[in-house]
**Student:** 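Sharing a structure, written as structure tokens. Questions coming.
Just so you know, these numbers come straight off a predicted model, no measurement behind them.
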Amino acid sequence: MAGIVYLAGYEYRKIFQRRSTWIALAVVLAWVLFGGFAGIYGNYYMEGEKVATHFQMVEMEREALGDLAIKKLDQGFFEKKKTDMETIVKDKEAALYSEGAEGSRASRWKEYYRAYAPYGKLYDLLGLLENCIDGLEIDQVDGENFYSFRDQALDQIYGGEQLSYGEIEFHKREDGKVPKPFTYGNMAGYERYLQMLSPTCIILAFAIAIILAPMFAGEYSSHMDALALSCRYGKNKLIWAKVITGISFAAFSTLFFAALSLLEVQVIYGLDGWDLPVQASILGFFLSLPINLLGLAVAATGCCLVAACMVAMVVMFCSAKMKTPFGVIIVSFIFIFAPMYLIYMVAGHRVLFMVANSLPTSMMFVGSMAAPQLLAVGGRYLYFFQWVPPVYLMLIAGLALWSFRTFQRHEVQ
């Protein structure tokens, strides 16, 4: 084992000696930094006049949601919303356009936004209901019918996805475990993290493909395969060290960039509201999962981690089969990016959708990992994020053994 660890260290040194590695990782780092801070760049203008920066708006919303007098989406909350919107918010909005009002327009706008901010996330949820239910108007929704309208929207979604009776009943049982009324508060941090996670991991997956493509193919193209196979550990330990290096590199880099994204979110938006149900968020409003935002973030990160390792193993398998790193990169590009388009093409076919939605790139999206289509096993129903990772682990083991035998037995030219 010590020999494999030493050889893995040698493979890591080879990886970080290549300029392409640093360029690929720099691109991912630039994207993470941009994704984290993009939401606070720039200013908000009203009739050509700057009234606030986006960072000030984030701070005002965070403060308003943290100081809520009512923290559950019940009838009392909706009544307070209606009162505030008809009096405080309306009056402050009118003052914005009044020439004789006291204070600058910027100060008046900030007073208006502070009054509106507690209800911005709720209006996002109401907008989802309005889009799902024909003829529904936001003003019709209150604490007494909010959850019945959501149930109606869920029924339409389940019908549109052509779920089986068993799947629908399972979702209804799971949704019944979610405490109602929903707890409400500041969820911007977790929403931002989950929104950043999927594009970050997709870009990282392609960076991993570029970095790991020469793992075996580089030995072929440089005619070093004969030397590698003839060395003391070339027939076994060296090959396993390459496989372990590729998988561990994918895992460590995914965890590093996920942690960096989470740190950015913590600094900018805060991570308050970790115990809020996912249904209070625009990302999880139509999910039946009885978990909180922290649980969803952990599940999403875990899926991205295993998916990145799966991508790394597929890249190394192709590298063992193909003679040049360039060909590996082309195949990896198709493998990584094609599912984002394929999944829409097969949406009407149940089996093809299940396959396309279980591909690594698809599993990097919250909507895919928690899709309503379920896998029935022994009378139990499993979400994608419950059954796909174990399948990946078995495939990784199988591809690792296949890659080992391919490189070990290939004909040296």
Side-chain angles (χ1 to χ4, degrees), residues 44 46-47 51 57-58 60-61 64-65 67-98 108-163 168 171-172 174-176 178-188 190-191 194-195 273 276-289 293 347 366-367 370 372:
Y44 185 83
M46 182 175 179
E47 296 183 351
V51 293
M57 294 173 65
V58 169
M60 287 188 287
E61 181 179 354
L65 290 171
D67 295 337
L68 287 173
I70 303 176
K71 299 183 182 296
K72 289 187 179 294
L73 295 180
D74 55 13
Q75 183 62 17
F77 189 94
F78 277 86
E79 289 178 354
K80 187 175 187 305
K81 175 188 76 70
K82 182 178 180 181
T83 301
D84 288 351
M85 296 302 293
E86 290 179 349
T87 56
I88 301 174
V89 176
K90 186 176 181 180
D91 292 343
K92 293 184 181 299
E93 184 178 14
L96 281 173
Y97 299 94
S98 175
R108 284 179 280 158
W109 186 88
K110 290 175 182 176
E111 290 181 6
Y112 159 77
Y113 190 74
R114 285 192 185 94
Y116 173 82
Y119 309 110
K121 297 294 184 183
L122 176 59
Y123 275 108
D124 291 339
L125 302 182
L126 297 178
L128 293 177
L129 289 179
E130 189 177 35
N131 291 334
C132 285
I133 303 175
D134 293 336
L136 177 65
E137 296 182 1
I138 289 178
D139 293 339
Q140 299 175 353
V141 183
D142 56 28
E144 295 180 354
N145 58 27
F146 175 73
Y147 298 97
S148 61
F149 280 131
R150 178 177 174 272
D151 290 340
Q152 184 178 340
L154 287 174
D155 288 338
Q156 291 190 13
I157 292 172
Y158 297 155
E161 298 291 348
Q162 300 179 350
L163 302 187
I168 294 175
H171 281 299
K172 289 184 176 181
E174 289 292 286
D175 191 64
V178 180
K180 298 180 180 67
F182 300 151
T183 307
Y184 183 76
N186 178 29
M187 63 201 78
Y190 286 96
E191 285 185 337
L194 292 169
Q195 289 168 346
L276 296 179
V278 297
Q279 290 74 17
S281 165
I282 191 172
L283 294 174
F285 184 54
F286 291 132
L287 296 182
S288 61
L289 285 167
L293 288 171
V366 172

**Student:** With under 30° as parallel and over 60° as perpendicular, where do the rings of Phe285 and Phe182 fit, or are they tilted in between?
**Tutor:**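 The arrangement is perpendicular - the two ring planes meet at more than 60°.
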**Student:** Looking at every heavy atom in both Val178 and Leu289, which two are closest together, and how far apart are they?
**Tutor:** CG2-O, 3.9 Å
**Student:** State which residue, out of Val141, Asp74, Asp151, fulfils the side chain to side chain contact (heavy atoms under 4.5 Å, CB included) condition with Phe146.
**Tutor:**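 So the option named by the test is Val141.
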**Student:** Would you say the side chain of Lys172 lies within less than 4.5 Å of the side chain of Asp155, judging by non-hydrogen atoms?
**Tutor:** yes
**Student:** Would you say the side chains of Gln195 and Glu191 form a donor-acceptor pair under 3.5 Å?
**Tutor:**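 No, because no side-chain N or O of Gln195 sits under 3.5 Å from a partner of the opposite role on Glu191.
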**Student:** Is a side-chain donor or acceptor of Gln75 paired with a backbone partner of Glu144 at a separation under 3.5 angstrom?
**Tutor:** yes
**Student:** When rounded to the nearest 0.5 angstrom, what is the spacing between CG in Leu194 and CG in Leu283?
**Tutor:** 6.0 Å
**Student:** Could you tell me whether Asp134 atom CG has more than 12 heavy atoms of other residues or ligands within 6.0 Å of it?
**Tutor:**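 No - once you tally the heavy atoms of other residues, nucleotides and ligands closer than 6.0 Å, there are 12 at most.
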**Student:** Can you name the nearest heavy-atom pair linking Glu130 to Glu137, along with the distance?
**Tutor:**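 Heavy-atom minimum between the residues: OE2-CA, 4.2 Å.
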**Student:** Does Lys180 pair with Asp175 as a salt bridge, N-O distance under 4.0 Å?
**Tutor:**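 Between Asp175 and Lys180 there is a salt bridge, with a charged N closer than 4.0 Å to a carboxylate O.
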**Student:** Kindly indicate, with the supporting measurements, whether the criterion side chain to side chain contact (heavy atoms under 4.5 Å, CB included) is fulfilled by Leu129 and Arg150.
**Tutor:** CA-CA 7 Å; Leu129 289 179; Arg150 178 177 174 272; 4.3 Å; yes
**Student:** Rounded to the nearest 0.5 Å, what separates atom CD1 in Ile70 from atom NZ in Lys80?
**Tutor:** 6.5 Å
**Student:** CG of Asp139 to NZ of Lys82: how many Å apart, nearest 0.5 Å?
**Tutor:**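 Atom-to-atom, Asp139:CG and Lys82:NZ are 8.5 Å apart.
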**Student:** Taking all non-hydrogen atoms of both residues into account, name the closest pair between Ala280 and Met187 and its distance.
**Tutor:**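 Smallest heavy-atom distance, with atoms named: O-SD, 3.0 Å.
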**Student:** Can you tell me if Tyr184 uses its side chain to pair, donor with acceptor, with the backbone of Leu122 under 3.5 Å?
**Tutor:** yes
**Student:** To the nearest 0.5 Å, tell me how far Phe286 CZ sits from Gln156 CD.
**Tutor:**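 Atom-to-atom, Phe286:CZ and Gln156:CD are 9.0 Å apart.
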**Student:** Centroid separation under 6.0 Å, is that true for the rings of Phe77 and Tyr119?
**Tutor:**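 Yes: the rings meet the under 6.0 Å criterion.
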**Student:** Apply side chain to side chain contact (heavy atoms under 4.5 Å, CB included) to Phe149 and Leu126, showing your working.
**Tutor:** CA-CA 10 Å; Phe149 280 131; Leu126 297 178; over 6 Å; no
**Student:** Which value, rounded to the nearest 0.5 Å, describes the distance between Glu79 atom CD and Asp84 atom CG?
**Tutor:** 12.0 Å
**Student:** Can you tell me how far CD of Glu174 sits from OG of Ser288, rounded to the nearest 0.5 angstrom?
**Tutor:**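 Answer for the OG-CD pair, Ser288 versus Glu174, is 6.0 Å.
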**Student:** Any side-chain to backbone donor/acceptor pair from Asp142 onto Asn145? Under 3.5 Å, distance only.
**Tutor:**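 Present.
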**Student:** On a heavy-atom basis, which atom in Leu125 and which in Gln279 lie closest, and how many Å separate them?
**Tutor:** CD1-O, 4.3 Å
**Student:** If you take all heavy atoms of Leu68 and Lys71, which pair is closest and at what distance?
**Tutor:**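 Shortest heavy-atom contact: O-NZ, 3.4 Å.
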**Student:** Which atom pair, heavy atoms only, marks the closest approach of Leu293 to Pro277?
**Tutor:**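 Of all heavy-atom pairs spanning Leu293 and Pro277, the closest is CG-O, 4.4 Å.
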